[in-house]
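What follows is a set of notes on a single structure, which appears directly below.
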Amino acid sequence: MDKLRVTEVFFSLQGETKTVGLPTVFVRLTGCPLRCQYCDTAYAFQGGTLYAIDDIMQLIAQYKTPYVTVTGGEPLAQKPCLHLLQMLCDADYDVSLETSGAISVADVDARVVKVLDIKTPGSCEMHRNHWKNLDYLLPHDQVKFVICDQNDYDWSKKILHDYQLAERCHVLFSPSYEQLAAGQLADWILNDQLPVRLQIQLHKMLWGDVKGR
Ligand code: SF4
């Protein structure tokens with residue numbers, strides 16, 4: 001049986017994406033090959049505990065919600081993640097995957113909602129974008145830009161246009177926590193009439209920058 005290194009499994013409200021506010025089980029897998037300057041989950045870079053996928057399924061089953069988010073770190077850095085995603089879909093969960101966009105999503109089960117980051121210049125990891133991933137976007141997927149400043153906003157606007165992302169899936173623009181005011185980003189979006197969703201991290205409004213929330 002495949003095993004995965006897990007930092008935490010926890011139950012919270014979805015803080016981001018299209019299911020924001022819904023009770024969700026989060027499976028945070030350990031490890032990430034990136035080092036975004038704004039990363040708020042550096043505690044997931046190492047350590048963790050090895051679990052058989054069946055045991056992870058049992059941990060998830062104790063919570064009464066159909067929503068499961070597999071996150072990290074970078075969950076796809078562990079190959080058996082693909083198997084976990086498939087098993088969750090087979091068990092009829094509503095599954096989303098939060099991924100950095102640096103590793104191929106070609107083999108991710110098509111039933112999974114991919115929440116795919118596009119790393120901006122301000123992340124300091126823009127060179128890690130695996131642009132081929134955009135070929136695998138499905139209409140239910142979501143691409144996310146974490147925007148640090150006006151340069152990031154202008155860059156993201158250009159990518160949005162060049163790849164016609166809004167016509168292909170959902171697009172989230174999120175201000176980098178404590179680096180860009182959400183109101184400023186909202187003004188830019190409205191001024192340019194962009195077809196994107198402003199996303200504010202609900203869990204941080206509720207609980208601040210707390211682990212396991
Ligand atoms: S991809 Fe995510 S987990 Fe990895 S360094 Fe960037 S923000 Fe942190």
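Side chains included, hydrogens not; waters and symmetry mates left out as well; all remaining heavy atoms used. Remember, it's 1-based here, ligands and their atoms both numbered in the order they're listed.
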Next item on the list: Considering only non-hydrogen protein atoms, determine which one is nearest to atom 8 (Fe) of ligand 1 and report residue, atom name and distance to 0.1 Å.
Entry: Cys39 SG, 2.3 Å
Check: In terms of atom number and element, which parts of ligand 1 are under 4.0 angstrom from non-hydrogen atoms of Ser100?
Finding: 1 (S)
Item checked: Aromatic ring pairing Phe145/Trp155, orientation class (parallel under 30°, perpendicular over 60°, tilted between) -> perpendicular
Checklist line | Whether Lys119 lies under 4.0 Å from ligand 1, heavy atom | finding: yes
Note to self: Is it the case that the ring center of Phe173 lies less than 6.0 angstrom away from the ring center of Trp188?
What the structure shows: no
Checklist line | CG-CD distance between Leu59 and Glu8, expressed to the nearest 0.5 angstrom | finding: 12.5 Å
Next item on the list: Any atoms of ligand 1 less than 4.0 Å from a non-hydrogen atom of Gly73? List them with their elements.
Entry: 3 (S)
Next item on the list: To the nearest 0.5 angstrom, please state how far the CG atom of Leu185 sits from the CG atom of Asp152.
Entry: 10.5 Å
Notebook entry, point to check: Would Cys32 count as a contact for atom 4 (Fe) of ligand 1, in the sense that one of its N, O or S atoms lies under 2.8 Å from it?
Noted result: yes
Notebook entry, point to check: Counting each atom of ligand 1 from 1 as listed, which ones have a heavy atom of Cys36 under 4.0 Å away?
Noted result: 1 (S), 5 (S), 6 (Fe), 7 (S)
Next item on the list: May I ask you to check whether over 12 heavy atoms, not counting those of His140, lie within 6.0 Å of atom NE2?
Entry: yes
